[in-house]
Amino acid sequence: MQAMLKNKDIKLSKFNTALTYQDKYIFHNSFTENFLLLEPILMDLINSAELEENVVEIKEVHPTLYNSLLDNGFIVPKDEDEILKVENLINKIDKSDELFSLMILPTMDCNFKCWYCYETHISGSMMAESTVEKVKLFITNTFNTMNNLKHFHLSFFGGEPLLQYNNVVRPIVECTYNIAKEKGISLHTHFTSNGVLINDIILSDLIKHEVNSFQITLDGNKECHDQIRYVSKEKGSFDTIISNVKKLVINNTKVTLRFNYTSDNIDGIVDIMPHFEDLTLEERSRITLDMQRVWQENKTEGLGVKANTIKEMFLKFGFNLPHARSLNSLRNSCYADRANQATINYNGDIHKCNARDFKKANKEGILGNDGTIDWNEKYYNRLNVKLKNKPCLDCSILPMCGGACSQYALERSNTDFCIRDFDESKKKAIVLDMFLNGEFVMTEKTASKCSKC
Ligand code: SF4
Ligand code: SF4
(Lines give C-alpha, C1' and ligand atoms only; values in the text may rest on other atoms or scores of the structure.)
(Ligands and ions follow the chains in the order given, each with its own letter.)
Protein backbone atom coordinates (compact mmCIF):
# COMPACT_ATOMS: atom_id res chain seq x y z
CA MET A 1 0.00 0.00 0.00
CA GLN A 2 2.81 2.37 0.92
CA ALA A 3 4.53 2.21 -2.46
CA MET A 4 1.31 2.68 -4.37
CA LEU A 5 0.17 5.92 -2.75
CA LYS A 6 0.96 9.17 -4.54
CA ASN A 7 0.43 12.66 -3.19
CA LYS A 8 -2.94 13.06 -4.86
CA ASP A 9 -4.06 9.77 -3.35
CA ILE A 10 -3.51 10.51 0.32
CA LYS A 11 -4.53 12.87 3.10
CA LEU A 12 -4.02 13.28 6.80
CA SER A 13 -6.85 11.64 8.72
CA LYS A 14 -9.53 13.96 10.11
CA PHE A 15 -9.31 12.00 13.35
CA ASN A 16 -5.76 13.14 14.24
CA THR A 17 -5.18 15.22 17.36
CA ALA A 18 -1.87 16.86 18.32
CA LEU A 19 -1.09 18.19 21.77
CA THR A 20 2.04 19.30 23.51
CA TYR A 21 3.46 17.04 26.17
CA GLN A 22 6.62 18.09 28.01
CA ASP A 23 8.99 19.09 25.16
CA LYS A 24 7.30 16.86 22.60
CA TYR A 25 3.99 16.35 20.82
CA ILE A 26 1.51 13.57 21.39
CA PHE A 27 -0.05 12.69 18.05
CA HIS A 28 -3.17 10.55 18.31
CA ASN A 29 -5.58 9.00 15.85
CA SER A 30 -8.94 8.31 17.43
CA PHE A 31 -10.05 5.74 14.85
CA THR A 32 -7.02 3.45 15.13
CA GLU A 33 -6.43 4.54 18.77
CA ASN A 34 -2.71 4.79 18.03
CA PHE A 35 -0.29 7.29 19.55
CA LEU A 36 3.03 8.70 18.34
CA LEU A 37 5.31 10.82 20.50
CA LEU A 38 6.97 13.31 18.16
CA GLU A 39 9.77 15.86 18.32
CA PRO A 40 8.47 19.40 17.53
CA ILE A 41 10.43 19.44 14.27
CA LEU A 42 8.50 16.41 13.05
CA MET A 43 5.20 17.96 14.07
CA ASP A 44 6.19 21.08 12.10
CA LEU A 45 6.84 18.90 9.08
CA ILE A 46 3.39 17.31 9.35
CA ASN A 47 1.69 20.67 9.82
CA SER A 48 3.42 22.25 6.86
CA ALA A 49 2.63 19.24 4.64
CA GLU A 50 -1.01 19.55 5.64
CA LEU A 51 -1.04 23.28 4.97
CA GLU A 52 0.48 22.85 1.55
CA GLU A 53 -1.70 19.82 0.83
CA ASN A 54 1.47 17.93 0.05
CA VAL A 55 1.50 14.95 2.37
CA VAL A 56 4.01 13.08 0.22
CA GLU A 57 6.53 15.76 1.21
CA ILE A 58 6.76 13.94 4.54
CA LYS A 59 7.90 10.83 2.70
CA GLU A 60 10.58 12.73 0.83
CA VAL A 61 11.96 14.42 3.94
CA HIS A 62 11.46 11.65 6.50
CA PRO A 63 10.47 8.24 5.08
CA THR A 64 10.46 6.55 8.51
CA LEU A 65 7.98 9.08 9.89
CA TYR A 66 5.86 8.78 6.75
CA ASN A 67 5.70 4.99 7.05
CA SER A 68 4.84 5.23 10.71
CA LEU A 69 2.02 7.70 9.99
CA LEU A 70 0.70 5.43 7.28
CA ASP A 71 0.93 2.24 9.33
CA ASN A 72 -0.83 3.82 12.30
CA GLY A 73 -3.70 5.35 10.34
CA PHE A 74 -2.62 9.02 10.56
CA ILE A 75 -2.46 9.09 6.76
CA VAL A 76 -5.36 7.59 4.83
CA PRO A 77 -6.35 7.28 1.17
CA LYS A 78 -7.81 10.56 -0.11
CA ASP A 79 -11.03 8.97 -1.29
CA GLU A 80 -11.63 7.23 2.02
CA ASP A 81 -14.94 8.22 3.61
CA GLU A 82 -13.84 8.41 7.22
CA ILE A 83 -17.34 9.10 8.55
CA LEU A 84 -18.57 5.97 6.81
CA LYS A 85 -15.86 4.00 8.62
CA VAL A 86 -17.18 5.35 11.94
CA GLU A 87 -20.74 4.55 10.93
CA ASN A 88 -19.72 0.97 10.12
CA LEU A 89 -17.97 0.69 13.48
CA ILE A 90 -21.04 1.98 15.33
CA ASN A 91 -23.23 -0.50 13.48
CA LYS A 92 -20.87 -3.37 14.23
CA ILE A 93 -20.97 -2.61 17.95
CA ASP A 94 -24.52 -1.38 18.48
CA LYS A 95 -26.11 -3.97 16.21
CA SER A 96 -24.04 -6.96 17.31
CA ASP A 97 -26.13 -10.14 17.45
CA GLU A 98 -23.73 -12.01 19.73
CA LEU A 99 -25.16 -10.53 22.93
CA PHE A 100 -28.69 -9.93 24.15
CA SER A 101 -29.24 -7.89 27.32
CA LEU A 102 -32.60 -8.13 29.01
CA MET A 103 -33.56 -6.03 32.01
CA ILE A 104 -36.72 -6.90 33.92
CA LEU A 105 -38.59 -4.67 36.34
CA PRO A 106 -40.81 -7.08 38.29
CA THR A 107 -42.37 -4.19 40.23
CA MET A 108 -42.09 -0.44 40.66
CA ASP A 109 -42.88 -0.83 44.33
CA CYS A 110 -40.19 -0.70 46.99
CA ASN A 111 -40.06 -1.59 50.67
CA PHE A 112 -37.76 1.42 51.29
CA LYS A 113 -38.50 5.09 50.72
CA CYS A 114 -35.05 6.68 50.35
CA TRP A 115 -35.26 10.46 50.07
CA TYR A 116 -32.94 10.69 47.07
CA CYS A 117 -34.50 7.93 44.97
CA TYR A 118 -35.47 9.20 41.51
CA GLU A 119 -37.84 6.32 40.74
CA THR A 120 -41.58 6.89 40.89
CA HIS A 121 -42.79 4.11 43.14
CA ILE A 122 -46.10 2.48 42.32
CA SER A 123 -47.48 0.82 45.39
CA GLY A 124 -48.70 -2.74 44.83
CA SER A 125 -47.46 -2.87 41.23
CA MET A 126 -46.29 -6.27 40.03
CA MET A 127 -45.80 -8.13 36.79
CA ALA A 128 -48.92 -10.18 36.03
CA GLU A 129 -48.64 -13.93 35.53
CA SER A 130 -49.64 -13.53 31.87
CA THR A 131 -46.79 -11.03 31.35
CA VAL A 132 -44.32 -13.39 33.03
CA GLU A 133 -45.39 -16.06 30.54
CA LYS A 134 -44.83 -13.62 27.66
CA VAL A 135 -41.39 -12.74 29.02
CA LYS A 136 -40.48 -16.43 29.16
CA LEU A 137 -41.71 -16.86 25.60
CA PHE A 138 -39.65 -13.85 24.53
CA ILE A 139 -36.53 -15.33 26.13
CA THR A 140 -37.13 -18.70 24.48
CA ASN A 141 -37.69 -17.01 21.10
CA THR A 142 -34.49 -15.00 21.49
CA PHE A 143 -32.38 -18.07 22.21
CA ASN A 144 -34.03 -19.95 19.35
CA THR A 145 -33.83 -17.26 16.68
CA MET A 146 -30.55 -15.42 17.32
CA ASN A 147 -28.22 -17.82 15.58
CA ASN A 148 -25.04 -15.96 16.51
CA LEU A 149 -25.96 -15.51 20.18
CA LYS A 150 -23.00 -16.17 22.48
CA HIS A 151 -23.92 -14.26 25.66
CA PHE A 152 -27.19 -13.46 27.40
CA HIS A 153 -27.30 -10.85 30.17
CA LEU A 154 -30.33 -10.99 32.44
CA SER A 155 -30.75 -8.29 35.04
CA PHE A 156 -33.42 -7.29 37.54
CA PHE A 157 -34.12 -3.74 38.56
CA GLY A 158 -37.08 -1.88 40.01
CA GLY A 159 -38.50 -0.88 42.49
CA GLU A 160 -37.20 -3.70 44.63
CA PRO A 161 -37.17 -6.80 42.41
CA LEU A 162 -37.06 -9.30 45.28
CA LEU A 163 -40.53 -8.13 46.41
CA GLN A 164 -41.78 -10.28 43.54
CA TYR A 165 -39.33 -13.14 43.85
CA ASN A 166 -41.67 -16.13 43.79
CA ASN A 167 -44.17 -14.95 41.19
CA VAL A 168 -41.91 -13.12 38.76
CA VAL A 169 -38.17 -13.40 39.35
CA ARG A 170 -37.90 -17.10 40.04
CA PRO A 171 -39.80 -18.37 36.97
CA ILE A 172 -37.85 -16.02 34.68
CA VAL A 173 -34.46 -16.92 36.19
CA GLU A 174 -35.26 -20.63 36.01
CA CYS A 175 -36.46 -20.45 32.40
CA THR A 176 -33.41 -18.47 31.26
CA TYR A 177 -30.99 -20.67 33.17
CA ASN A 178 -32.41 -23.89 31.72
CA ILE A 179 -32.44 -22.72 28.13
CA ALA A 180 -28.95 -21.16 28.36
CA LYS A 181 -27.61 -24.47 29.71
CA GLU A 182 -29.39 -26.44 27.00
CA LYS A 183 -28.00 -24.19 24.25
CA GLY A 184 -24.53 -23.82 25.77
CA ILE A 185 -24.76 -20.02 25.82
CA SER A 186 -23.05 -18.02 28.56
CA LEU A 187 -25.50 -16.39 30.96
CA HIS A 188 -24.84 -13.54 33.36
CA THR A 189 -27.59 -12.86 35.89
CA HIS A 190 -27.51 -9.69 37.96
CA PHE A 191 -29.74 -8.02 40.55
CA THR A 192 -29.92 -4.40 41.63
CA SER A 193 -31.56 -4.81 45.01
CA ASN A 194 -31.61 -3.25 48.45
CA GLY A 195 -30.54 -6.68 49.71
CA VAL A 196 -32.88 -6.84 52.67
CA LEU A 197 -35.23 -9.53 51.38
CA ILE A 198 -32.62 -12.21 50.67
CA ASN A 199 -33.54 -15.18 52.87
CA ASP A 200 -32.19 -18.72 52.97
CA ILE A 201 -34.74 -20.04 50.47
CA ILE A 202 -33.98 -17.27 47.96
CA LEU A 203 -30.26 -17.66 48.57
CA SER A 204 -30.23 -21.39 47.82
CA ASP A 205 -32.29 -20.72 44.71
CA LEU A 206 -29.85 -18.04 43.53
CA ILE A 207 -26.95 -20.42 44.08
CA LYS A 208 -28.75 -23.21 42.21
CA HIS A 209 -29.27 -20.91 39.22
CA GLU A 210 -25.70 -19.60 39.35
CA VAL A 211 -26.69 -15.96 39.78
CA ASN A 212 -23.51 -13.98 39.20
CA SER A 213 -23.83 -10.63 40.87
CA PHE A 214 -25.75 -8.18 43.01
CA GLN A 215 -25.56 -4.45 43.47
CA ILE A 216 -26.58 -3.50 47.00
CA THR A 217 -26.50 -0.04 48.52
CA LEU A 218 -25.41 1.22 51.92
CA ASP A 219 -25.87 4.80 53.05
CA GLY A 220 -22.92 5.03 55.43
CA ASN A 221 -22.44 3.39 58.80
CA LYS A 222 -25.26 1.72 60.75
CA GLU A 223 -26.41 4.98 62.30
CA CYS A 224 -26.65 6.91 59.02
CA HIS A 225 -27.91 4.00 56.96
CA ASP A 226 -30.74 3.07 59.31
CA GLN A 227 -32.09 6.62 59.22
CA ILE A 228 -32.50 6.44 55.44
CA ARG A 229 -33.02 2.84 54.42
CA TYR A 230 -35.59 1.17 56.58
CA VAL A 231 -38.80 -0.78 56.43
CA SER A 232 -39.87 0.50 59.84
CA LYS A 233 -38.06 3.32 61.68
CA GLU A 234 -37.67 1.19 64.79
CA LYS A 235 -35.88 -1.56 62.92
CA GLY A 236 -33.28 -0.39 60.42
CA SER A 237 -31.90 -2.58 57.66
CA PHE A 238 -28.14 -2.29 58.13
CA ASP A 239 -27.55 -5.53 60.05
CA THR A 240 -29.71 -7.60 57.71
CA ILE A 241 -28.03 -6.19 54.60
CA ILE A 242 -24.49 -6.75 55.92
CA SER A 243 -25.39 -10.31 56.84
CA ASN A 244 -26.88 -10.93 53.38
CA VAL A 245 -23.89 -9.45 51.56
CA LYS A 246 -21.65 -11.82 53.49
CA LYS A 247 -23.85 -14.82 52.69
CA LEU A 248 -23.74 -13.94 48.99
CA VAL A 249 -19.97 -13.63 48.74
CA ILE A 250 -19.38 -16.74 50.85
CA ASN A 251 -21.45 -18.51 48.20
CA ASN A 252 -19.41 -17.14 45.28
CA THR A 253 -21.78 -14.37 44.21
CA LYS A 254 -20.09 -11.06 43.49
CA VAL A 255 -21.47 -7.98 45.20
CA THR A 256 -21.01 -4.38 44.20
CA LEU A 257 -21.45 -2.55 47.47
CA ARG A 258 -22.55 0.88 46.50
CA PHE A 259 -22.07 3.73 48.95
CA ASN A 260 -24.21 6.75 48.33
CA TYR A 261 -22.16 9.38 50.09
CA THR A 262 -22.89 12.90 51.22
CA SER A 263 -20.86 15.31 53.34
CA ASP A 264 -22.89 14.03 56.33
CA ASN A 265 -22.29 10.29 55.99
CA ILE A 266 -18.87 10.00 54.32
CA ASP A 267 -16.83 9.94 57.53
CA GLY A 268 -18.76 6.96 58.88
CA ILE A 269 -18.18 4.69 55.92
CA VAL A 270 -15.01 3.14 57.34
CA ASP A 271 -17.06 1.95 60.34
CA ILE A 272 -18.45 -0.85 58.21
CA MET A 273 -15.04 -2.48 57.77
CA PRO A 274 -15.04 -4.46 61.05
CA HIS A 275 -18.32 -6.10 60.00
CA PHE A 276 -16.42 -7.91 57.24
CA GLU A 277 -13.35 -8.94 59.24
CA ASP A 278 -14.56 -12.52 59.57
CA LEU A 279 -14.51 -12.99 55.78
CA THR A 280 -11.48 -14.57 54.14
CA LEU A 281 -9.45 -12.43 51.74
CA GLU A 282 -10.89 -14.40 48.83
CA GLU A 283 -14.44 -13.70 50.02
CA ARG A 284 -13.66 -10.01 50.52
CA SER A 285 -12.30 -9.84 46.98
CA ARG A 286 -15.80 -10.64 45.70
CA ILE A 287 -16.99 -7.28 47.04
CA THR A 288 -16.46 -4.22 44.88
CA LEU A 289 -16.76 -0.89 46.63
CA ASP A 290 -18.50 1.63 44.41
CA MET A 291 -18.62 5.09 46.00
CA GLN A 292 -21.14 7.41 44.39
CA ARG A 293 -21.86 10.93 45.50
CA VAL A 294 -25.59 11.50 45.99
CA TRP A 295 -26.40 13.59 42.94
CA GLN A 296 -28.68 16.05 44.77
CA GLU A 297 -25.87 16.91 47.23
CA ASN A 298 -24.52 20.46 46.86
CA LYS A 299 -21.73 20.54 49.45
CA THR A 300 -18.99 18.88 47.45
CA GLU A 301 -15.80 20.59 48.63
CA GLY A 302 -13.16 18.08 49.67
CA LEU A 303 -15.52 15.14 49.21
CA GLY A 304 -13.61 13.68 46.26
CA VAL A 305 -10.33 13.60 48.21
CA LYS A 306 -12.02 11.95 51.19
CA ALA A 307 -13.67 9.40 48.92
CA ASN A 308 -10.30 8.50 47.37
CA THR A 309 -8.70 7.99 50.79
CA ILE A 310 -11.56 5.71 51.82
CA LYS A 311 -11.28 3.72 48.60
CA GLU A 312 -7.57 3.12 49.27
CA MET A 313 -8.38 1.86 52.77
CA PHE A 314 -10.95 -0.62 51.46
CA LEU A 315 -8.57 -1.75 48.73
CA LYS A 316 -5.97 -2.58 51.39
CA PHE A 317 -8.67 -4.38 53.36
CA GLY A 318 -9.23 -6.72 50.39
CA PHE A 319 -12.25 -5.22 48.62
CA ASN A 320 -12.13 -4.44 44.92
CA LEU A 321 -12.66 -1.08 43.29
CA PRO A 322 -14.59 -0.73 40.03
CA HIS A 323 -12.62 -0.36 36.83
CA ALA A 324 -12.75 3.17 35.52
CA ARG A 325 -15.33 3.62 32.82
CA SER A 326 -13.80 3.47 29.39
CA LEU A 327 -12.98 6.78 27.79
CA ASN A 328 -13.88 5.18 24.50
CA SER A 329 -17.63 5.49 24.68
CA LEU A 330 -18.15 4.48 21.07
CA ARG A 331 -16.55 1.06 21.41
CA ASN A 332 -18.06 0.68 24.90
CA SER A 333 -21.46 2.13 24.13
CA CYS A 334 -24.28 2.01 26.67
CA TYR A 335 -26.47 -1.09 26.54
CA ALA A 336 -29.45 1.14 25.73
CA ASP A 337 -27.72 2.19 22.50
CA ARG A 338 -27.70 -1.41 21.36
CA ALA A 339 -30.35 -2.96 19.16
CA ASN A 340 -30.36 -6.25 21.04
CA GLN A 341 -31.33 -4.93 24.43
CA ALA A 342 -34.71 -4.45 26.05
CA THR A 343 -36.00 -3.29 29.41
CA ILE A 344 -39.37 -4.87 30.24
CA ASN A 345 -41.45 -2.98 32.77
CA TYR A 346 -43.84 -4.84 35.09
CA ASN A 347 -46.79 -3.82 32.88
CA GLY A 348 -45.26 -5.27 29.70
CA ASP A 349 -44.14 -1.91 28.30
CA ILE A 350 -40.73 -2.02 26.68
CA HIS A 351 -38.17 0.67 27.37
CA LYS A 352 -34.45 1.09 26.65
CA CYS A 353 -32.68 3.67 28.86
CA ASN A 354 -33.31 3.00 32.54
CA ALA A 355 -32.05 6.43 33.58
CA ARG A 356 -35.32 8.01 32.51
CA ASP A 357 -38.89 7.65 33.80
CA PHE A 358 -40.75 4.50 32.84
CA LYS A 359 -43.74 6.57 31.77
CA LYS A 360 -46.11 5.15 29.16
CA ALA A 361 -45.17 8.05 26.88
CA ASN A 362 -41.53 6.92 26.96
CA LYS A 363 -42.12 3.31 26.02
CA GLU A 364 -40.41 2.06 22.88
CA GLY A 365 -42.43 -1.07 22.31
CA ILE A 366 -44.87 -3.59 23.73
CA LEU A 367 -44.53 -7.26 24.48
CA GLY A 368 -46.94 -9.26 22.35
CA ASN A 369 -48.81 -12.43 23.33
CA ASP A 370 -46.54 -14.45 21.04
CA GLY A 371 -43.46 -13.31 23.00
CA THR A 372 -42.19 -10.88 20.40
CA ILE A 373 -41.53 -7.18 20.90
CA ASP A 374 -43.42 -4.76 18.72
CA TRP A 375 -40.96 -1.83 18.68
CA ASN A 376 -42.31 1.63 17.94
CA GLU A 377 -40.79 4.60 16.11
CA LYS A 378 -38.85 5.74 19.20
CA TYR A 379 -36.75 2.57 19.11
CA TYR A 380 -35.88 3.00 15.43
CA ASN A 381 -35.09 6.69 15.97
CA ARG A 382 -32.76 5.70 18.80
CA LEU A 383 -30.92 3.20 16.62
CA ASN A 384 -30.36 5.85 13.97
CA VAL A 385 -29.67 8.90 16.12
CA LYS A 386 -25.88 8.67 16.17
CA LEU A 387 -23.94 10.79 13.64
CA LYS A 388 -26.93 13.11 13.15
CA ASN A 389 -25.33 15.92 15.16
CA LYS A 390 -23.37 18.12 12.72
CA PRO A 391 -20.53 19.24 15.06
CA CYS A 392 -19.60 15.58 15.64
CA LEU A 393 -18.91 15.07 11.94
CA ASP A 394 -16.02 17.53 12.13
CA CYS A 395 -14.72 16.39 15.49
CA SER A 396 -11.30 14.77 15.68
CA ILE A 397 -12.32 12.45 18.54
CA LEU A 398 -15.61 11.25 17.04
CA PRO A 399 -14.47 7.59 16.74
CA MET A 400 -13.76 7.61 20.47
CA CYS A 401 -16.63 9.72 21.75
CA GLY A 402 -19.33 8.47 19.41
CA GLY A 403 -21.17 11.77 19.86
CA ALA A 404 -22.98 11.01 23.16
CA CYS A 405 -25.27 8.15 24.12
CA SER A 406 -28.51 7.63 22.23
CA GLN A 407 -30.66 9.10 25.03
CA TYR A 408 -28.62 12.31 25.21
CA ALA A 409 -28.68 12.65 21.43
CA LEU A 410 -32.43 11.97 21.20
CA GLU A 411 -33.18 14.64 23.78
CA ARG A 412 -31.23 17.19 21.71
CA SER A 413 -32.21 16.14 18.21
CA ASN A 414 -33.21 19.69 17.19
CA THR A 415 -30.07 21.41 18.33
CA ASP A 416 -26.31 21.18 17.82
CA PHE A 417 -24.64 19.82 20.93
CA CYS A 418 -21.31 18.66 22.27
CA ILE A 419 -20.93 16.72 25.50
CA ARG A 420 -17.56 18.47 25.91
CA ASP A 421 -19.03 21.96 25.49
CA PHE A 422 -17.36 22.42 22.07
CA ASP A 423 -14.17 22.90 24.06
CA GLU A 424 -11.07 21.66 22.20
CA SER A 425 -9.06 21.66 25.43
CA LYS A 426 -11.54 19.17 26.97
CA LYS A 427 -11.17 16.91 23.94
CA LYS A 428 -7.39 17.09 24.21
CA ALA A 429 -7.62 16.33 27.92
CA ILE A 430 -9.31 13.01 27.07
CA VAL A 431 -6.51 12.15 24.65
CA LEU A 432 -3.91 13.05 27.27
CA ASP A 433 -5.70 10.90 29.87
CA MET A 434 -5.67 7.95 27.52
CA PHE A 435 -2.00 8.50 26.76
CA LEU A 436 -0.98 8.77 30.40
CA ASN A 437 -3.12 6.01 31.84
CA GLY A 438 -3.53 3.61 28.97
CA GLU A 439 -7.05 2.81 27.86
CA PHE A 440 -9.40 1.79 30.62
CA VAL A 441 -11.62 -1.21 30.55
CA MET A 442 -15.35 -0.83 30.91
CA THR A 443 -16.85 -1.34 34.31
CA GLU A 444 -19.73 -3.75 34.27
CA LYS A 445 -22.72 -1.58 33.57
CA THR A 446 -24.73 -1.29 36.70
CA ALA A 447 -28.37 -0.54 36.65
CA SER A 448 -28.28 2.66 38.61
CA LYS A 449 -28.94 6.27 37.81
CA CYS A 450 -26.78 6.91 34.83
CA SER A 451 -23.74 9.02 35.59
CA LYS A 452 -22.75 9.50 31.97
CA CYS A 453 -25.10 12.27 31.02
S1 SF4 B 1 -28.73 8.18 29.78
FE2 SF4 B 1 -27.29 6.64 30.59
S3 SF4 B 1 -28.46 4.71 30.61
FE4 SF4 B 1 -29.53 6.16 29.26
S5 SF4 B 1 -28.72 5.75 27.20
FE6 SF4 B 1 -27.49 7.39 28.09
S7 SF4 B 1 -25.73 6.34 28.97
FE8 SF4 B 1 -27.34 4.81 28.66
S1 SF4 C 1 -20.17 15.17 21.32
FE2 SF4 C 1 -18.52 16.71 21.19
S3 SF4 C 1 -16.64 15.57 21.69
FE4 SF4 C 1 -18.21 14.06 21.16
S5 SF4 C 1 -17.95 13.65 18.97
FE6 SF4 C 1 -19.50 15.25 19.18
S7 SF4 C 1 -18.38 17.16 19.01
FE8 SF4 C 1 -16.88 15.55 19.46
Side-chain angles (χ1 to χ4, degrees), residues 13-17 19 28-31 33 82-83 85-87 89-90 93-95 99 101-103 105 118-119 153 155 157-158 190 192 215 292 295 324-343 345 350-359 362-364 378-434 442-453:
S13 165
K14 66 189 292 174
F15 300 134
N16 295 341
T17 300
L19 59 144
H28 175 250
N29 183 276
S30 63
F31 188 83
E33 300 187 282
E82 292 191 89
I83 296 294
K85 282 197 323 187
V86 176
E87 192 179 336
L89 183 61
I90 290 173
I93 291 161
D94 288 352
K95 297 192 177 145
L99 165 70
S101 303
L102 182 64
M103 183 183 286
L105 285 76
Y118 67 98
E119 295 286 3
H153 286 184
S155 58
F157 191 62
H190 174 83
T192 300
Q215 178 181 291
Q292 295 285 340
W295 55 284
R325 179 174 283 125
S326 172
L327 296 173
N328 193 323
S329 44
L330 187 150
R331 285 178 169 86
N332 295 290
S333 60
C334 174
Y335 52 79
D337 294 354
R338 302 191 178 206
N340 287 308
Q341 182 272 345
T343 301
N345 199 4
I350 309 292
H351 294 256
K352 295 283 288 175
C353 167
N354 74 321
R356 295 294 179 272
D357 268 355
F358 292 98
K359 288 192 285 207
N362 291 343
K363 75 177 176 199
E364 302 195 21
K378 287 197 180 74
Y379 168 79
Y380 295 104
N381 287 344
R382 180 184 292 278
L383 292 192
N384 292 314
V385 73
K386 290 190 180 175
L387 300 183
K388 293 276 192 296
N389 179 38
K390 280 203 195 87
C392 297
L393 305 182
D394 291 320
C395 175
S396 65
I397 64 163
L398 171 67
M400 226 163 68
C401 168
C405 72
S406 56
Q407 187 65 33
Y408 191 97
L410 281 169
E411 289 166 0
R412 290 157 185 83
S413 54
N414 294 322
T415 169
D416 287 355
F417 66 82
C418 170
I419 58 168
R420 295 188 173 83
D421 308 319
F422 303 101
D423 184 340
E424 292 303 313
S425 65
K426 287 187 182 170
K427 297 180 191 177
K428 287 186 177 178
I430 293 282
V431 174
L432 183 62
D433 261 9
M434 290 179 90
M442 180 71 162
T443 181
E444 182 181 296
K445 180 74 186 157
T446 51
S448 55
K449 176 145 183 87
C450 173
S451 56
K452 287 184 175 182
C453 305

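Everything numeric in this text was worked out from a predicted model, so none of it was measured. Read the numbers this way: they start at 1 and go in the same order the structure lists the ligands and their atoms.
Sorted by chain and number, the protein atoms of type N, O or S within less than 2.8 Å of atom 2 (Fe) of ligand 2 are C418 SG.
Using a 4.5 Å heavy-atom cutoff, the side chains of N345 and F157 are not in contact. Between F15 and E82, some side-chain heavy-atom pair lies under the 4.5 Å cut-off. The side-chain heavy atoms of Y335 and H153, taken from C-beta on, include no pair separated by under 4.5 Å.
Under a 4.0 Å criterion applied to the non-hydrogen atoms of A336, ligand 1 contributes the atoms 5 (S). Atoms of ligand 1 lying under 4.0 Å from at least one heavy atom of C334, given by number and element, are 3 (S), 5 (S), 7 (S), 8 (Fe).
Of the possible polar contacts, one joining the K14 side chain to the L393 backbone as a donor-acceptor pair under 3.5 Å is found. Checked by atom type and distance alone, the side chain of Y379 never pairs as donor or acceptor with a backbone atom of K363 at under 3.5 Å.
Checking N389 against Y408 by side-chain atom types alone, no donor-acceptor pair falls below 3.5 Å.
Of the listed residues (R382, K352, R412), just one forms a side chain to side chain donor-acceptor pair (under 3.5 Å) with Q407, and that residue is R382.
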